[in-house]
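To start, the structure under review is shown below, and the notes come after it.
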Amino acid sequence: MIFYIFILFIKIRLNSMQILDIGQCSSKVFCHGDLLHSVQMSFMFTDSKTYVDMPTKYSEYEILDKFSSINSKNRTKLKEFLNENFHPSGSSIIDGELIDWIPKPEYLTNIKNLNLRHFATHLHSKWRKLTKKFDANILCSHCRTSAFLTRNSFIVPGGRFIEYYYWDTYWIIESLLISNMSETVKGILQNFFDILQWNGFIPNGAQIYYLNRSQPPLLIQMVYAYFKHTNDSNFLKSSIHLLDKEYSFWMKEKSIEIIKDDKKYLLNQYRVKSDRPRPESYKEDYINAHESGNPRKYYSNVMTAAESGWDFSSRWFENPMDIKTIQIDKIIPVDLNSIMFRNEQILAELHKLLGNKEKSDIYKKLSELRHEAINKIFWHHKQKTYGDYNLEKDDVNLDNLFITDLSPLWFGINPPINDSIILTRYNSLLFNYKSGIPASNIKTGQQWDFPNVWAPYHTWVVEHLLTTNRFSEALNIAQRFVNTVYCGWKEKGNVFEKYHAEEPGRYGYGGEYVVQEGFGWTNGVVIFLMNKFGRSIKTFC
Ligand SMILES: *[C@@H]1O[C@H](CO)[C@@H](O)[C@H](O)[C@H]1NC(C)=O
Ligand SMILES: *[C@@H]1O[C@H](CO)[C@@H](O)[C@H](O)[C@H]1NC(C)=O
Ligand SMILES: *[C@@H]1O[C@H](CO)[C@@H](O)[C@H](O)[C@H]1NC(C)=O
Ligand SMILES: *[C@@H]1O[C@H](CO)[C@@H](O)[C@H](O)[C@H]1NC(C)=O
Ligand SMILES: CC(=O)N[C@H]1CO[C@H](CO)[C@@H](O)[C@@H]1O
């Protein structure tokens, strides 16, 4: 009985804390208002994210009341105020446990090269360091923290990223399944479901200040991967309505109708409206927004680019060299629509499996329409390639090469011509660089441009090459990326979020913060590639 009351108490407490921020963040400590503005514009912390990750020691009301009585222009005073009223950054997130971690999963013994087997063993044990959970113990009953109060442990990228991220988790899950950690994966998916139920959608990361923007919608593909691994149809039955919900959210909030040759096509766009800076990058946004001459437009575009996962890239800029010309609102991204196509196919398959033929047929029809739309809107006939669609130019953007241009291929779209011809145009990106595949062929100082090599695309490209019987090309790509991550680890003892295309082992640069180590999806992708190519892959440093 006492136990039940205790559980009930925890539930009510968690719920009442969470309820404050449905849909978008209303917190005047973490998301908007004078306090946030004063702290962030005082440049008190090198990284703007530090402050928004500091749980309060008192209620929001008490904190705001005390803040109104100090001279916030006095930096020393402001610092004292923060020390008195806040816990250290990140203190409501503590180490978690991996319930189904075993020291030597089978795939390790299939890696022939001993250096790489040693490296894989290290990466596998690294999951335990990157496992975190939410901890309410330091919080008083009215205290506030920006972290989502999720019930199960989760895996974070590492470095400044102390919470889990939406799309990053896709590559983490793929890799956990290779190590047969399906209970952990199930727990992570349940966290996503909770958040989806609380907010109606999945935010960029598990913090209230990420509300109002999502990230590439890969939940459906994560659940599919888990299901393929476990055949857990009970789980599927109990969660399929949430997958429908996630799909509907994107169709309701982030779709756009395009008319081409008298035919209407319904497509998706990343889209966020905002009239204020991102709380975790406040000073950076505030300064740029005011220099841009149109702050509201700038804030919305910057948040939207954060939703795309490509924050930031010349892909979204009118002038590739100037972030202040960001105009993602004019772009329909080819990768997002390819992801949605795959989601529709998966939903059709899963509903059919559960005996719901009617819903299955609807999704099947939607996927066929999307297939047609992708080959119509994102296909450039003359250049024989896919690319993002620019609404203003009413044409495909082909000024530069982005790896995402190829996403229809790996999400299963049949291109209008033999894919060898499409791939030829991208030979330089795919095969010319020692460290793997750079995000683009243009050097801009943004982190999602040349020379930065990011892990996730190595999985998708390799999968496409393997399903089209191009084993040696797939191995070639896997080899270069695994080698660079290995060399970086050997030399610097760390795994990074991005690498330099031309110098194996050297980490990438650019963007808003210093390069982070850890690193969730890089570890996941390297394990994925070593599992696939364990017999052939080598190191060169
Ligand atoms: C700023 O605050 C500190 C600490 O409260 C105080 O000692 C100092 O006199 C203040 N400075 C000014 C210029 O008011
Ligand atoms: C994977 O884990 C499940 C239980 O979660 C177990 O039944 C199964 O034998 C494991 N498979 C391997 C290959 O270890
Ligand atoms: C899942 O079910 C399919 C079809 O019934 C079967 O082929 C497969 O081996 C099963 N996989 C697991 C992990 O039980
Ligand atoms: C595409 O072209 C390649 C090389 O020219 C050929 O080997 C392959 O069979 C073609 N694929 C299809 C689907 O026609
Ligand atoms: C997910 C999302 O975009 N939610 C909301 C963001 O904020 C605007 C208003 O500022 C709402 O209209 C959106 O629904």
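For this chain, numbers begin at 1 and follow the sequence in order. Just so you know, ligand 1 is whichever comes first in the structure, and atom 1 is the first atom listed for that ligand.
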Listed pairs under 3.5 Å, donor-acceptor, residues 465-477 side chains, sequence neighbours left out:
unit_1 : atom_1 : unit_2 : atom_2 : d
T467   : OG1    : E463   : O      : 3.1
T467   : OG1    : H464   : O      : 3.1
T468   : OG1    : H464   : O      : 2.8
T468   : OG1    : L465   : O      : 3.3
T468   : OG1    : R470   : NH1    : 2.7
R470   : NH1    : D419   : OD2    : 3.0
R470   : NH2    : D419   : OD1    : 2.9
R470   : NH2    : S420   : OG     : 3.1
N476   : OD1    : R480   : NE     : 2.8
N476   : OD1    : R480   : NH2    : 2.8

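Selection from N74, I70, N71 by nearest heavy atom to atom 11 (N) of ligand 1 gives N74.
Residue-ligand proximity, E80 to ligand 1, at heavy-atom distances under 4.0 Å covers atoms 4 (C), 5 (O). Which parts of ligand 1 touch K77 is read off a 4.0 Å heavy-atom cut-off, strictly below it: atoms 2 (O), 5 (O).
Regarding atom 8 (C) of ligand 4, its nearest protein heavy-atom neighbour is N418 ND2, 3.8 Å. Protein heavy atom nearest atom 4 (C) of ligand 4, with residue, atom name and distance: S420 OG, 4.1 Å.
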Just do the side-chain contact (heavy atoms from CB on, under 4.5 Å) check on Y282 and H37 with the steps written out, would you?
-> CA-CA 8 Å; Y282 196 99; H37 184 82; 2.9 Å; yes
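For atom 14 (O) of ligand 1, the nearest protein heavy atom lies under 4.0 Å away.
Remark: K66 is positioned above the aromatic ring of Y58, its terminal NZ or CZ atom under 6.0 angstrom from the ring centre and at most 45 degrees off the axis.
Without hydrogens or angle criteria, S440 side chain to F402 main chain gives no donor-acceptor distance under 3.5 Å.
Aromatic ring orientation, Y386 versus W379: perpendicular (interplanar angle above 60°, classes split at 30° and 60°).
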